[in-house]
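Here is the structure we will look at.
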Amino acid sequence: MVSLIIQHKNLLVGHVKTSMSDSLLGSCIPFKKGNDIFIITCGHVLYKEDWSGLRHSLADLIVEIDSIKYNPIKIHGELEDAKTTDLSILQIISCNEDIQSFIELNLLEVKDNTF
């Protein structure tokens, strides 16, 4: 069992939405690792109920954090990891350069699409 406890006064919470209809799929926690920006969300937010694949392509998703929209670029980890843990990490890009308010997650290492 994996537990993630984050204590931060100004912790931001974001939302994963469809880009066309702005339908809410789920919430997320944004963080940065160096110059890269990610979100942590539940696996069922991104994957179909039967875990047969993604609910939507990355091009059809948008991540909104503090009224700023971000475009997803890559899911880290495999579908089986998300199915087992119900946890997904999604790398996003910013439409602006100010990421100072995102927490820095030092314990994460991303290598060869695994974390």
Can you tell me if H76 and Q91 form a side-chain donor-acceptor pair at under 3.5 Å?
yes
Shortest non-hydrogen contact from K48 toward L54:
CE-O, 3.3 Å
Hey, does D22 have a side-chain heavy atom less than 4.5 Å from the side chain of K69?
yes
Heavy atoms only: give me the nearest G43-S88 pair and the separation to one decimal.
CA-OG, 3.3 Å
How far does CD1 of I39 sit from CD1 of I75, to the nearest 0.5 angstrom?
9.0 Å
Using 0.5 Å steps for rounding, measure from the NZ atom of K83 to the CD atom of E78.
14.0 Å
Are side-chain N/O atoms of S57 and D60 paired as donor and acceptor at under 3.5 Å?
yes
Mind listing the closest non-hydrogen atom pair of L90 and P72 along with its distance?
CD2-CB, 3.6 Å
Applying side-chain contact (heavy atoms from CB on, under 4.5 Å) to I92 and I65, what does each step give before you reach the verdict?
CA-CA 11 Å; I92 59 176; I65 303 162; 4.1 Å; yes
Mind listing the closest non-hydrogen atom pair of S27 and V13 along with its distance?
CB-CG1, 4.3 Å
Between atom CD1 of I29 and atom CD1 of I89, what is the distance when rounded to the nearest 0.5 Å?
12.5 Å
To check you understand the geometry: which heavy-atom pair defines the closest contact between S19 and A59, and what is its length?
OG-O, 3.6 Å
Going by the rule side-chain hydrogen bond (donor to acceptor under 3.5 Å, both in side chains), which residues pair with S67 if we only count those two or more places apart in sequence or in a different chain?
none
Rounded to the nearest 0.5 Å, how far apart are CD1 of I62 and NZ of K17?
9.5 Å
So among L79, L58, L25, L61, which one has a side-chain contact (heavy atoms from CB on, under 4.5 Å) with L46?
L61
Got a donor-acceptor contact below 3.5 angstrom from the D50 side chain to the S52 backbone?
yes
So how far is it from H15 NE2 to E64 CD, rounded to the nearest 0.5 Å?
8.5 Å
Please find the pair of heavy atoms, one from F38 and one from K33, that lie closest to each other, and give the distance.
CE1-CB, 3.8 Å
Considering residues at least two apart in sequence or located in another chain, which fulfil the side-chain hydrogen bond (donor to acceptor under 3.5 Å, both in side chains) criterion with T18?
S21
Are any non-hydrogen side-chain atoms of W51 and T84 less than 4.5 angstrom apart?
no
CD1 of I40 to SG of C28: how many Å apart, nearest 0.5 Å?
9.5 Å
